[in-house]
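A quick note: this is a predicted structure, and the numbers were derived from the prediction, not measured.
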Amino acid sequence: MTLGERQGDEKNDSKYCGVETEFNDDMPQLLSLNIHGGFDFVVAPLMDPTYRPSLLVSSNGGSGVLPFAGSDLVLSPSQWSSHVVGKISSWLDLDSEDEMLRRDSEITLKQEIAWASHLSLQACLLPAPKGVTCANYARCVNQILQNLSNMQLWLRVPLEKSDDDDGNRSPNSMGEEHRDSWEMWNSFRTLGEHHSQLSVALDVLSSLPSVNSLARWFGEPVRAAIINSNSFLTNARGYPCLSKRHQNLLTECFNHSIQIVISGQQMQNFPTGTSVSNSHNSNNQSEGVEGMQRHPLRSYLDYIAYLYQKMDPLPEQERFELGYRDYLQSPLQPLMDNLEAQTYETFEKDTTKYIQYQRAVAKALVDRVPDEKASTITTVLMVVGAGRGPLVRASLQAAEETGRKLKVYAVEKNPNAIVTLHSLLKIEGWEKLVTIVSSDMRCWDAPEKADILVSELLGSFGDNELSPECLDGAQRFLKEDGISIPSSYTSFFQPVTASKLYNDIKSHKDLVHFETAYVVKFHRVARLTSPQPVFTFNHPEDSTRKSNHRYTKLRFEIPTDTGSALVHGFAGYFDSVLYKDVHLGIEPSTATPNMFSWFPIFFPLRTPMCVQPGIPLEVHIWRCCGTSKVWYEWGVTSPSSSPIHNCNGRSYWVGL
């Protein structure tokens, strides 16, 4: 039984909730009790916890049958695969100074994973490392991963950080060792070469680290959040509930497709006769199957279901973008390549963008022509890069809205789009208003100069689709006092944790993919600090500036309460001033709502950079211009130096 359905996000894995169980050699009964109790899967030990290889060898020479929880025949293959996550023995200590314990742990780990693989389980839960070091544990897990098929290994990591959020620390804790469990995870996965099948199961405790500290985990490969019954509070009606901070954490887990696992024992005696779900206005069925005793953790499950069901439906824009989440796309090459009809159609559906353009053109027309001259003066407007005509339409609608006379030149280099424009001319009755020009704007000799120059040449990073080069070429046919829409645009950079994107790039096993900037709809990404501006371009450009080459150095300070974080690369955004107070952009703090034409861009690092609290992150970025291409180079110099990525545009460039 799932937690419920969230409209628009029916395929979200986080609607499945599991329960952590003790060892039971009657696996069919264990599964039946928990599935009928309302849970979707069990996290169950596969091996008798009393088993030790050294004891088995000494008692019968090593020829005994391993004490697994039943044979593979006790459940169907689909039951094992869909409803069981293997829980590896918690006594394992692969970095123990006790050689026998260490050896027993190594043998048992490999035996249990081999058994889980035989059962075709989708995942196994590994116990948290016991001590300060985890080198041998990570080595053994990495050995196993080299030959593992598709099974995920979830490393159990307690969600803790030594710094208290309120700055207060218990007097009794001053002598205790305080640590950041993220450091332990980072050490483990680095020793394991960032393997894509190694992920995290967070142990959610009764107290939580700061919001910034929690946020970095959403860029990590977290598959599950295990919440113990002792982390719950009791509400006024006597039912379990969670603190507001825990509720917010679980909502973020749901949004990031992280499954919830409930563990522990029933901590309170709950009222009878009314279900906890009813007390929270939930529609989830809380009663057990007829004739069966109610599951002792059912009230906790009902509360989790209530939290899931009270989330807002997924917005329409998010539904449209679901298939693009964390999917790496190469940016467009609009000068080298002609766009296809399907690409045009996708962008033309972005009504928000064209409403903003229409507003900008309307303001420019009113400023250009006073009301008393509206009937006598005709404004010359050129749409450069007209595509299939959406900016032509927006400009004509702005003219109609303001009562201004307009003469439009639609300049387009794509011969296929020119066919569409000529068809529109007849369908819309634009013959007397619009002149279609089949030419590259950089080569066209205009018959007259324009009052207003309109373009939509912006990329995810502002200038990455060569808007500066195109508009510099078109600027010669703009009047000296003419208006360019957009009038300026600025790119932005932001360090991010993006484990999934890093692993996807790493899977190509080459340098080229690590030196390519990708357009991505970010999902499992942690933004570590606020974006900073990189390059700004103004149009019309001051003639004293001859080059579009740019260089800047940025210094980021990650909030100290975040703790350490791993930077896999940088998110890129843009913000554009179309005209005066009309803007368009995707920089998170000022992003234009309900607009989907641009996803952010991602500049990866070949080697992820670990940034400690209080240590600045310095990154350098260049925009380089050649005779036939434009490219970016980037590199980090603090806290340590990385190679300069994409030297001479050897891996990634935009063709002129």
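Proximity of a side-chain donor or acceptor of Ser210 to a complementary backbone N or O of Asp561 within less than 3.5 Å is detected. Looking at Thr435, its side chain never comes within 3.5 Å of a backbone N or O of Ala410 through a donor-acceptor pair. Using a distance-only test at 3.5 Å, with no hydrogens or angles considered, a donor-acceptor pair links the side chain of Arg216 to the main chain of Thr562. Under the 3.5 Å distance criterion, the side-chain polar atoms of Arg404 are left unmatched by any main-chain donor or acceptor of Glu401. Side-chain atoms of Asp326 come within 3.5 Å of backbone N or O of Arg524 as a donor-acceptor pair. Put simply, the side chain of Thr402 gets close to the backbone of Ala398: a donor and an acceptor are under 3.5 Å apart. Side-chain atoms of Arg623 come within 3.5 Å of backbone atoms of Asp463 as a donor-acceptor pair (strictly under, hydrogens ignored). In this structure, the side chain of Asn212 does not engage the main chain of Pro559 through any donor-acceptor pair within 3.5 Å. Between the side chain of His256 and the backbone N or O of Val222, no donor-acceptor pair lies under 3.5 Å. Distance alone, capped at 3.5 Å, is enough to place a donor-acceptor pair between the Ser638 side chain and the Pro616 backbone.
Remark: Lys449 does not engage Asp481 in a salt bridge, criterion side-chain N to carboxylate O under 4.0 Å.
Neither side chain, Glu348 nor Thr346, offers a donor N or O lying under 3.5 Å from an acceptor on the other. Under 3.5 Å, the side chains of Glu515 and Ser651 contain a donor-acceptor pair of N or O atoms. Donor-acceptor pairing under 3.5 Å is recorded for the side chains of Asp350 and Ser597. Side-chain contact annotation: Ser564 with Gln612, donor-acceptor N/O pair under 3.5 Å present. In summary, the side chains of Asn12 and Ser257 do present a donor paired with an acceptor at a separation below 3.5 Å, with no hydrogens or angles considered. No side-chain N or O of Tyr489 forms a donor-acceptor pair with one of Asn538 less than 3.5 Å apart. Side chain to side chain, Glu252 and Asn248 fail the donor-acceptor criterion of an N or O pair below 3.5 Å. Asn416 and Asn338 share no side-chain donor-acceptor pair at under 3.5 Å.
Ser491 places a side-chain heavy atom less than 4.5 Å from the side chain of Phe535. Inter-residue side-chain proximity for Glu412 and Ile436 is flagged as unmet; no heavy-atom pair is nearer than 4.5 Å. Within the 4.5 Å cutoff, the side chain of Leu457 has no heavy atoms near those of the Glu465 side chain. Glu541 has its side chain within reach of Asp472: a pair of non-hydrogen atoms, C-beta onward, lies under 4.5 Å apart. Counting heavy atoms from C-beta on, the side chains of Pro613 and Ile558 never come closer than 4.5 Å. Using a 4.5 Å heavy-atom cutoff, the side chains of Glu633 and His645 are not in contact. Contact of the Thr552 side chain with the Trp622 side chain is not registered, since no non-hydrogen atoms from C-beta on lie closer than 4.5 Å. By the 4.5 Å heavy-atom criterion applied to side chains, Thr529 and Pro495 are counted as neighbours.
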What do the steps show when you test Glu456 against Tyr354 for side-chain hydrogen bond (donor to acceptor under 3.5 Å, both in side chains), and what is the final call?
-> CA-CA 10 Å; Glu456 54 171 332; Tyr354 296 112; 3.1 Å; yes
Might you work through the side-chain hydrogen bond (donor to acceptor under 3.5 Å, both in side chains) test for Asp451 and Thr379, ending with a clear yes or no?
-> CA-CA 6 Å; Asp451 297 286; Thr379 301; 4.9 Å; no
Apply side chain to side chain contact (heavy atoms under 4.5 Å, CB included) to Met609 and Ser640, showing your working.
-> CA-CA 8 Å; Met609 187 74 62; Ser640 60; 3.0 Å; yes
Does the pair Tyr409 and Leu381 meet the rule for a side chain to side chain contact (heavy atoms under 4.5 Å, CB included), with working shown?
-> CA-CA 6 Å; Tyr409 288 89; Leu381 182 146; over 6 Å; no
Do Arg555 and Glu557 pass the salt bridge (charged side-chain N to carboxylate O under 4.0 Å, His left out) test, and can you show the C-alpha distance, the side-chain angles, and the key distance before you say yes or no?
-> CA-CA 7 Å; Arg555 180 186 174 97; Glu557 302 278 354; 3.4 Å; yes
Go through Tyr357 and Leu584 one step at a time and tell me if the side chain to side chain contact (heavy atoms under 4.5 Å, CB included) criterion holds.
-> CA-CA 9 Å; Tyr357 267 100; Leu584 198 69; 3.9 Å; yes
Walk me through it: do Ile586 and Met595 pass the test side chain to side chain contact (heavy atoms under 4.5 Å, CB included)?
-> CA-CA 8 Å; Ile586 59 171; Met595 188 175 67; 4.1 Å; yes
For Lys500 and Asp504, what are the C-alpha separation, side-chain angles and deciding distance, and is it a salt bridge (charged side-chain N to carboxylate O under 4.0 Å, His left out)?
-> CA-CA 6 Å; Lys500 183 185 184 304; Asp504 287 350; 2.7 Å; yes
Evaluate the criterion salt bridge (charged side-chain N to carboxylate O under 4.0 Å, His left out) for residue pair Arg442 and Glu469; output intermediate values, then yes/no.
-> CA-CA 9 Å; Arg442 296 169 294 174; Glu469 285 70 24; over 6 Å; no
Can Lys521 and Glu318 be said to form a salt bridge (charged side-chain N to carboxylate O under 4.0 Å, His left out), step by step?
-> CA-CA 10 Å; Lys521 167 58 181 175; Glu318 286 288 324; 3.3 Å; yes
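With sequence neighbours excluded, no residue forms a ring-ring contact (aromatic ring centres under 6.0 Å, His included) with Phe602.
Separation of atoms OG (Ser507) and NE2 (His513) is listed at 8.0 Å; rounding is to 0.5 Å. Atom NE2 of His583 and atom OG1 of Thr590 lie 5.0 Å apart (nearest 0.5 Å). Summarising the geometry, atom OG belonging to Ser438 is positioned 8.5 Å from atom CG belonging to Asn414; distances are rounded to the nearest 0.5 Å. For the atom pair CG (Asn503) and OG (Ser196), the distance works out to 5.5 Å, reported to the nearest 0.5 Å.
Checked against Trp598 for a ring pair (Phe, Tyr, Trp, His ring centres under 6.0 Å), the options Tyr324, Phe461, Tyr573, Phe574 give a single hit: Phe574. Test Tyr502, Phe603, Trp634 against Phe514 for ring pair (Phe, Tyr, Trp, His ring centres under 6.0 Å) and you get one pass: Tyr502.
A 6.0 Å sphere centred on CD of Gln333 holds more than 12 heavy atoms belonging to other residues, nucleotides or ligands. Applying the 6.0 Å contact sphere to NZ of Lys373 captures no more than 12 heavy atoms from other residues, nucleotides or ligands. No more than 12 heavy atoms of other residues, nucleotides or ligands lie within 6.0 Å of CD in Gln342, so this atom counts as exposed by the packing criterion. Annotation for Tyr327: atom OH does not count as buried by contact number, only 12 or fewer foreign heavy atoms lying within 6.0 Å.
Among all heavy-atom pairs drawn from Ala394 and Gln358, the shortest one is O-CG, 3.5 Å.
Not less than 6.0 angstrom separates the ring centroid of Trp653 from the ring centroid of Tyr632.
Remark: Lys629 qualifies as a cation-pi partner of Trp631 under the 6.0 Å distance and 45° angle criteria applied to the six-membered ring.
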